[in-house]
Q: 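Take this structure first; my questions come after.
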Amino acid sequence: EVRLVESGGGFVQTGGSLRLSCVVSGFTYDDYGIGWFRQAPGKEREGASCLRRTDGYTTYGNSVKGRFTMSFDGAKNTAYLEMDNLKPEDTAVYYCAATPMYYSDYCFPYEFDSWGQGTQVTVSS
């Protein structure tokens, strides 16, 4: 059974930084994908960043490109999302997601079938 445990959300002022963590377990092979998604009230869930474990290829949503950095520590089976220069429009619940046999160049929620519980990020103006 795939399990994702997120941590690291919180409250920060505009221009501040936060780092989210997601511990991944339950995959038999290393060809899975990991993604960070977010959903603000009244809006659709959108991809912030996704990473292919096979080659480390990482993609970012246009609204976070240049400010967010996704990484993966294989020794800890943990994905990170470093969020810098945060803006009020980054306020959302952030979810970690994973799926097996992931070779996509994109970052769409429908591509992922296991989800974490979500963590709230609030950026004040």
Side-chain angles (χ1 to χ4, degrees):
E1 179 187 1
V2 174
R3 189 161 180 252
L4 306 167
V5 180
E6 303 153 357
S7 60
F11 184 92
V12 66
Q13 293 185 331
T14 297
S17 298
L18 282 174
R19 187 176 78 159
L20 306 182
S21 300
C22 176
V23 180
V24 183
S25 62
F27 283 104
T28 302
Y29 303 104
D30 287 341
D31 61 349
Y32 57 92
I34 305 170
W36 285 102
F37 298 86
R38 65 186 189 180
Q39 189 164 19
K43 294 190 176 182
E44 291 187 358
R45 191 168 296 188
E46 66 171 354
S49 182
C50 292
L51 180 150
R52 291 197 303 239
R53 288 280 288 120
T54 50
D55 58 5
Y57 177 82
T58 308
T59 187
Y60 295 93
N62 288 333
S63 59
V64 307
K65 205 171 291 184
R67 299 186 299 120
F68 289 12
T69 304
M70 182 174 181
S71 61
F72 187 84
D73 184 334
K76 298 180 179 179
N77 282 333
T78 301
Y80 300 98
L81 185 68
E82 180 72 36
M83 305 184 293
D84 297 318
N85 190 21
L86 282 161
K87 305 174 181 180
E89 52 264 43
D90 295 317
T91 295
V93 177
Y94 284 71
Y95 298 90
C96 175
T99 197
M101 295 185 290
Y102 180 75
Y103 304 102
S104 173
D105 291 342
Y106 306 103
C107 190
F108 295 118
Y110 69 80
E111 297 178 301
F112 292 79
D113 52 21
S114 296
W115 292 81
Q117 78 281 5
T119 185
Q120 177 71 44
V121 171
T122 303
V123 185
S124 68
S125 58

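In what follows, residues are counted from 1 in the order of the sequence shown.
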Q: Tell me whether Gln117 at atom CD has more than 12 heavy atoms from other residues, nucleotides or ligands lying less than 6.0 Å away.
A: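 Result for CD/Gln117: enclosed.
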
Q: Run through the side-chain heavy atoms of Ile, Leu, Val, Met, Phe, Trp and Tyr, join any pair under 4.5 Å, and report what else lands in Tyr106's cluster.
A: Phe108, Tyr110

Q: Classify the angle between the aromatic ring planes of Phe37 and Trp115 as parallel (below 30°), tilted (30 to 60°) or perpendicular (above 60°).
A: tilted

Q: Check the pair Glu82 / Met70 against side-chain contact (heavy atoms from CB on, under 4.5 Å), numbers first and verdict last.
A: CA-CA 6 Å; Glu82 180 72 36; Met70 182 174 181; over 6 Å; no

Q: Compare all side-chain heavy atoms of Thr69 with those of Tyr60 and state whether any distance is below 4.5 angstrom.
A: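 Of all side-chain heavy-atom pairs linking Tyr60 with Thr69, at least one is under 4.5 Å.
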
Q: OG of Ser125 to CD of Gln13: how many Å apart, nearest 0.5 Å?
A: 9.5 Å

Q: Any side-chain heavy-atom pair from Met83 and Asp90 closer than 4.5 angstrom?
A: no

Q: Got Glu46 and Ser63 here, is their nearest side-chain heavy-atom distance under 4.5 Å?
A: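 In contact.
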
Q: Does the Glu6 side chain pair with the main chain of Cys96, one donor and one acceptor, at a distance under 3.5 Å?
A: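 Judged by distance alone, yes, a pair lies under 3.5 Å.
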
Q: Flag yes if Phe112 and Leu51 sit in one hydrophobic cluster, no otherwise; membership is Ile, Leu, Val, Met, Phe, Trp, Tyr, and two members link when side-chain heavy atoms are under 4.5 Å apart.
A: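 No, no single cluster joins them.
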
Q: Please report the shortest heavy-atom distance between Thr91 and Gln120, naming the atom on each side.
A: CG2-NE2, 3.9 Å

Q: Yes or no on side-chain contact (heavy atoms from CB on, under 4.5 Å) for Val64 and Arg38, after CA distance, side-chain angles and deciding distance?
A: CA-CA 11 Å; Val64 307; Arg38 65 186 189 180; 3.8 Å; yes

Q: Which distance, rounded to the nearest 0.5 Å, do you find between the OG1 of Thr54 and the CG of Asp31?
A: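 So the OG1 of Thr54 and the CG of Asp31 are separated by 7.5 Å.
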
Q: Does Lys65 NZ have over 12 foreign heavy atoms under 6.0 Å away?
A: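 Yes - once you tally the heavy atoms of other residues, nucleotides and ligands closer than 6.0 Å, there are more than 12.
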
Q: With rounding to the nearest 0.5 angstrom, report the CH2 to OG1 distance, Trp36 to Thr58.
A: 13.5 Å

Q: So Tyr32 and Phe72, would you call those rings parallel, tilted or perpendicular, with 30° and 60° as cut-offs?
A: perpendicular

Q: Would Arg53 count as a cation-pi partner of Tyr102, with NZ or CZ less than 6.0 Å from the six-membered ring centre and within 45° of the ring normal?
A: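 Verdict for Tyr102: no cation-pi partner in Arg53.
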
Q: Other residues, nucleotides and ligands only: do more than 12 of their heavy atoms fall within 6.0 Å of OH on Tyr103?
A: yes

Q: Passes side-chain contact (heavy atoms from CB on, under 4.5 Å), Val24 versus Phe27? Steps please.
A: CA-CA 8 Å; Val24 183; Phe27 283 104; 3.7 Å; yes

Q: Which pair of non-hydrogen atoms, one from Gly35 and one from Cys50, has the smallest distance, and what is that distance?
A: CA-SG, 3.8 Å

Q: Indicate yes or no: does Asp105 engage Arg52 in a salt bridge with an N to O separation below 4.0 Å.
A: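 Looking at Asp105 and Arg52, the cut-off is met.
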
Q: Does the side chain of Ser49 come within less than 4.5 Å of Leu81's, by heavy atoms?
A: yes

Q: Pairs of donor and acceptor atoms involving the side chains of residues 14-22, under 3.5 Å and at least two apart or interchain, shall be tabulated with distances.
A:
| from | atom 1 | to | atom 2 | distance (Å) |
| --- | --- | --- | --- | --- |
| Thr14 | OG1 | Ser124 | O | 2.6 |
| Ser17 | OG | Asp84 | OD1 | 2.8 |

Q: For Glu44, does the CD atom have more than 12 heavy-atom neighbours from other residues, nucleotides or ligands under 6.0 Å away?
A: no

